[in-house]
Protein chains: 4
Amino acid sequence: MSELISHESLSRKEREKRARQKEILKAARELFVSKGFRETTLDEIAHQAEFGKGTLYNYFDSKEEIFIGIIEQAVEETLAIAYESIAAPGGVREKLLLYAHRVISYVKDNGELFHVIYHELHRGDAPANVAKLREIINRSHGAWGVLAEPMRTGIDDGTLRNCDPLQLVVLFDGMLRGYCFQRFVVEPARPDDDFSAAAEFITSVFFDGIVERKSKG
Amino acid sequence: MSELISHESLSRKEREKRARQKEILKAARELFVSKGFRETTLDEIAHQAEFGKGTLYNYFDSKEEIFIGIIEQAVEETLAIAYESIAAPGGVREKLLLYAHRVISYVKDNGELFHVIYHELHRGDAPANVAKLREIINRSHGAWGVLAEPMRTGIDDGTLRNCDPLQLVVLFDGMLRGYCFQRFVVEPARPDDDFSAAAEFITSVFFDGIVERKSKG
Amino acid sequence: MSELISHESLSRKEREKRARQKEILKAARELFVSKGFRETTLDEIAHQAEFGKGTLYNYFDSKEEIFIGIIEQAVEETLAIAYESIAAPGGVREKLLLYAHRVISYVKDNGELFHVIYHELHRGDAPANVAKLREIINRSHGAWGVLAEPMRTGIDDGTLRNCDPLQLVVLFDGMLRGYCFQRFVVEPARPDDDFSAAAEFITSVFFDGIVERKSKG
Amino acid sequence: MSELISHESLSRKEREKRARQKEILKAARELFVSKGFRETTLDEIAHQAEFGKGTLYNYFDSKEEIFIGIIEQAVEETLAIAYESIAAPGGVREKLLLYAHRVISYVKDNGELFHVIYHELHRGDAPANVAKLREIINRSHGAWGVLAEPMRTGIDDGTLRNCDPLQLVVLFDGMLRGYCFQRFVVEPARPDDDFSAAAEFITSVFFDGIVERKSKG
DNA sequence: AATGAATGAGACTTCATTCAT
DNA sequence: TATGAATGAAGTCTCATTCAT
């Protein structure tokens, strides 16, 4: 029994540590997103997380480790969206429609997170953690690979034009990011409108193009 | 006459001042693009521009003013691309194809410039120059408006689907940015391939969609 | 009876407390000697002593108190060496020879302990414990006084040159420290050689000088 | 002529830089000696040197570089003393007597400088500059080698006992350091007495020993 | 007009000490 | 009593900006 207790107590400690880490990441994430990584000070993070400055160092080795933690979170979330989407019932179109939905919601809630991340990731002065970052970046781009699968299926069964499926994913993703940027960054004040319609419109443009087709013959 | 002379001399001075400013902007631009705004020091800019550090302050009031100068340059260039594109002969499709060309070349040559700019522009703690920046941002988004014109024409004459033309521009631009990001940031090492083909492919997807059409039957 | 019990229990407690203090001092001493006082953290001491960090404060009021404890130990040991030496059978020469032996062994085993202590003791910004430190320092220099006794005897009975006996002790001690510094700090890698011979040589130089004497003639 | 001017101006700049470096070293040296290296803050050095904190970094890359600068100074001075001493007219005894004089004066003026230096030099966590420090340390011990020369001469011509000359230097130096420690550190308050007599006494003990010799018989 | 040495606010990080459990 | 998470003062170092030359 003492074993159980000790096990439980260890588990509780570990759980509490994880919880604190998440709290800190949450606070830092908000600030990083609204101000950028370099522009956010540890004092601000500590204040936002309602901890003392030194306490942060009990959970992360450096400011950079906090940033890496956030990136890991975001990458996991991105991958989750991709996997959820391809698990949707139906064909490619249905899956991408769901993906569009999810991405728009995600960006709406998380703002410029990806912008900040890309900004920091792709710079020359990558710090000591090059190896870890490389791995994370690769995982991140893995989301494209996940979505490429149903695309390939569509190509193989003759539903879609014959071309590089990864390329197609990139273009679709590009349209989504473009939309989100214009919608949430350039015109953030506009009241929420129908994001479902937006997702459908984008998906429609991607599959059918923008040329008007006199249906009927 | 002394007025004339003084006027001429002032004019020469003015011209020289502009020339110096451009040199500084050129140096700063290279550094900002490769290292980011915060990470570039005035020492580095001064060294790259082959001026003394103090001299920079004879041409710009602050580091931020230099950044604004670069943004202005970039916005002008972006607008120029938009105007050139819509001036191309032919219909919407030809104009957008040219735009795709131009954007890909531009990003290839200027790297992450836009990334850095967006990163800095859309931050909460915009400093004293809010007004000036707002104006620049608006001009920047003006490029979308320029491209929206031919789009509207296409819609009006029934060639294109009936929808918000600005929205369409945003999606097309998004595909281009997505492609460029994947091509120049994620896979920068890949040898240059046929960018014309890429531009045509993207334009084709945009106009015709990705669905395979059994032409005729 | 309860008094007795309580007294006994207190006594046991007291004994245990002393034991714990010694354990802590032992751990701290090793670290202070190899890393210096300022460079050793309480975390390291706690880990080395296999106690929790907070527990240390049940036995010492501050990091500085730990250091003082170590100094006290060292001073006691130094005095012990002095007293042992003068208790040796024989005359001044035999006593000092034993002292040389002891000091060399002690420095060999305790490394730079004295160096660290002197370094910390003789600083301008002596903290709150000035009084206590002064007292300890005086005790420490007392070792010289102890050794001065047989020296004075030698002077009085005409065996040694007539001069200040304390001065002589200081010079002899200096030679020993010089030897130890060169032997254990400058050339620590050299394999152990005959320290007895060294002690004898030093003692011989001190008593007889370095001038070659044509014995007899 | 412009060449000459430019050459002169460069030289002036260089000279001024050296002068500033020396000012900073002077200020830092005083503080390091009285408080120790770790205990002296950059703010204090800056204040003592009457410079802004940032200015120090125009002349030294880090606090550690300042310390290294001081060590280099001290080592040069030590070597100078050694070389001056062996250049003195007369035999070994006269040379060592001069050395004793010089060392006592030097320690009187520079206090615990060497103590601080040794303390910092011989520790485990030697920083990045291991190579440079090693070289400096070796130069420093070179002073012993310099003094060993006349010692060897004395041995060779039969004046001195046959033994390792370096060993002898170490012992003589030890006596001097011991004397200085007792005189300037332990009893700093004592009014200046006759240091010449002290130097002569120490030299006499070293050469002749402390045993009373019934001259004549 | 050109320069770069001087400046000090502010950044990240460490660590002795406290205190709730 | 034993613990170690929490704390914030204090340390080193950076860099945009100023100003005397």
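Letters go in sequence order (proteins before strands), and every chain restarts at 1. On a predicted model such as this, the values are computed, not experimentally measured, just so you know.
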Worksheet item: Hey, what's the ring geometry for Phe37(C) with Phe32(C), parallel, tilted or perpendicular (30° and 60° as the breaks)?
Response: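 Geometry flag for Phe32(C) against Phe37(C): perpendicular rings.
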In whole angstroms, how far is the [atom2] atom of [N] from the [atom1] atom of [X]?
X: Leu31(B); N: dC15(F); atom1: CG; atom2: C1'; answer: 15 Å
X: Ile24(A); N: dA5(F); atom1: CD1; atom2: P; answer: 12 Å
X: Glu50(A); N: dT7(F); atom1: CD; atom2: C1'; answer: 15 Å
X: Phe60(D); N: dT14(F); atom1: CZ; atom2: C1'; answer: 18 Å
X: Leu42(A); N: dT7(F); atom1: CG; atom2: C1'; answer: 14 Å
X: Asp61(A); N: dC12(E); atom1: CG; atom2: C1'; answer: 14 Å
X: Phe67(D); N: dT12(F); atom1: CZ; atom2: C1'; answer: 17 Å
X: Lys35(C); N: dT14(E); atom1: NZ; atom2: P; answer: 13 Å

Does [N] have its OP1 or OP2 closer than 4.0 Å to a side-chain nitrogen or oxygen of [X]?
X: Arg20(B); N: dA2(E); result: yes
X: Thr55(B); N: dA1(E); result: no
X: Tyr59(A); N: dA6(F); result: yes
X: Asn58(C); N: dA2(F); result: yes
X: Thr41(C); N: dC15(E); result: no

Worksheet item: If each of Asp43(A) and Leu56(D) is mapped to the nucleotide of DNA chain E with the nearest heavy atom, which maps nearer the 5' terminus, i.e. the 5' end?
Response: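 Nearest-nucleotide comparison on DNA chain E picks Leu56(D).
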Worksheet item: If you find the nucleotide of DNA chain E closest to Phe51(D) and the one closest to Thr40(C), which residue's nucleotide is nearer the 5' end?
Response: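 Closest to the 5' end, via its nearest nucleotide, is Phe51(D).
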Could you check which nucleotide pairs with [N] in any of the strands shown, counting Watson-Crick or G-U wobble with both distances under 3.5 Å?
N: dA1(E); result: none
N: dG8(F); result: dC15(E)
N: dA20(E); result: dT3(F)

Considering only NZ, NE, NH1 and NH2 on the basic side and carboxylate oxygens on the acidic side, decide whether [X] and [Y] come within less than 4.0 Å.
X: Glu16(B); Y: Arg12(B); result: yes
X: Lys26(A); Y: Glu30(A); result: yes
X: Arg18(C); Y: Glu14(C); result: yes

Worksheet entry | Given DNA chain F, 5'-ward residue of the pair Lys63(B) and Ser62(D), judged by closest heavy atom |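 Closest to the 5' end, via its nearest nucleotide, is Ser62(D).
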Worksheet entry | Toward the 5' end of DNA chain F, by each residue's nearest nucleotide, Gly54(B) or Gly54(A) |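 That would be Gly54(A).
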Discussion item. Does any part of the side chain of Thr55(D), heavy atoms only, come nearer than 4.5 Å to the side chain of Tyr59(D), both counted from C-beta?
Written reply: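 Counting from C-beta outward, Tyr59(D) and Thr55(D) do come under 4.5 Å.
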Item to complete: Indicate, yes or no, whether a donor-acceptor pair under 3.5 Å links the base of dT7(F) to the side chain of Lys53(A).
Response: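 Such a pair does not exist between side chain and base.
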Worksheet item: How is Tyr57(C) classified with respect to the nucleic acid when contacts are heavy atoms under 4.0 Å: base, sugar-phosphate, or nothing?
Response: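 The residue Tyr57(C) makes base contact.
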Item to complete: Locate the shortest heavy-atom distance separating Leu25(D) from Ile66(D); write the atom from each residue and the value.
Response: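 Nearest heavy atoms, Leu25(D) then Ile66(D): CD2-O, 3.5 Å.
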